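These notes concern the structure reproduced below.
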Amino acid sequence: MDKNVVVISFAEASKAYQALAELKAAALEGRVDVETAAVVQRAEDGSIQVKDGVSDGAASTGPLAGTLVGSLIGILGGPLGVFLGGMSGALIGSSVAMDKAIGRLSVLEQMMHAMPAGSTTLIATVEEAAVDVVDTLAASLGGTVLRRPLGAVVAEIEAQADAKEAAVEEARKVLRAKHKDEWRDKFDNWKEEIGDGIDKLQAKISDAFKKS
């Protein structure tokens, strides 16, 4: 049994909902094991809205909370996803040969391209003995399928946190480099400048929050 993340995209929203229903039915019949699944829509600005979802470990805060699919949706629909989408789109649209450009994309970028703006997509983590169940389901509804090993997706989700930290540190270096010499002493002593004002402000905000 292979553990995979499948991304099945449709031009018609109704087909994605039907795919989710059929995937649930296949799971009940024991033909595939579904851990988490969600139907999402991708807007023109790259944002993603969750329309429906199911998880065998559903928490009271929502069926996707704390799941890999939930994390994946958060990344693909967030600032990093928009940035990667723009970068990979530029790569594909450049003079670089199409096959080489596609081959250079990360798993997350591949998934983004598999769910273009305006599409409705079923994203699911599944354990499958063979690909036939999901592929046949998708083909019958006119969907396109991208399948990636669960381990590869987890690795990239974990790596994006490291990449974000590195990007913040690099941004800090670039911003500090813009400081003129005569500014540095004052800017580097900013804590002395504001004194304990921020601590007092935070205390007031905390008290106000507790009373609300």
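Predicted, not measured: the structure shown is a model, and the values here were computed from it. We number each residue from 1, following the sequence as shown. Computed from heavy atoms alone, side chains included, the values below leave out hydrogens, waters and symmetry copies.
Nearest heavy-atom pair across Thr120 and Ala16 is CG2-CB, 3.5 Å. The minimum heavy-atom distance linking Ala19 with Phe10 is given by the pair CB-CZ, 3.7 Å. For the residue pair Ala38 and Val69, the shortest heavy atom distance occurs at CB-CG1, 4.0 Å. Contact detail for Ala152 and Val107: the closest heavy-atom pair is CB-CG2, 4.4 Å. Heavy atoms only, all atoms of each residue included: Ala37 and Leu23 are closest at CB-CD2, 4.5 Å. The two atoms that bring Gln41 and Ala13 nearest to each other are NE2-CB, 3.7 Å, heavy atoms only.
Under the 4.5 Å side-chain heavy-atom criterion for Ile, Leu, Val, Met, Phe, Trp and Tyr, Val131 and Val5 are members of distinct hydrophobic clusters.
Side chain of Ser9 to main chain of Thr144: no donor-acceptor pair is present (N/O by atom type, distance under 3.5 Å, no hydrogens or angles). With hydrogens and angles disregarded, no donor-acceptor distance shorter than 3.5 Å links the side chain of Thr36 to the backbone of Thr125.
Taken to the nearest 0.5 Å, the NE2 atom of His113 stands 6.5 Å off from the CD atom of Glu109. Between the OG atom of Ser71 and the CG atom of Leu76 there is a distance of 10.5 Å, given to the nearest 0.5 Å. To the nearest 0.5 angstrom, Leu175 atom CG is 10.0 Å from Glu170 atom CD. Distance check, rounded to the nearest 0.5 Å: CG of Leu141 to CD of Glu12 gives 9.5 Å. Between atom CG of residue Leu137 and atom CG of residue Asp132 there is a gap of 12.0 Å, rounded to the nearest 0.5 Å. For the atom pair CE (Met111) and CD1 (Ile73), the distance works out to 11.0 Å, reported to the nearest 0.5 Å.
Within 6.0 Å of atom NZ in Lys3, 12 or fewer heavy atoms from other residues, nucleotides or ligands are found, so the atom counts as exposed in its surroundings.
Looking at Asp135 and Arg147, a side-chain N of the basic residue comes within less than 4.0 Å of a carboxylate O on the acidic one, giving a salt bridge.
The side-chain contact (heavy atoms from CB on, under 4.5 Å) test with Glu128 singles out one residue from Asp33, Asn4, Val133, and that residue is Asn4.
Using a 4.5 Å heavy-atom cutoff, the side chains of Gln110 and Leu146 are in contact. Two residues are said to be in side-chain contact when any heavy atoms from C-beta on lie closer than 4.5 Å; Glu35 and Leu68 fail this criterion.
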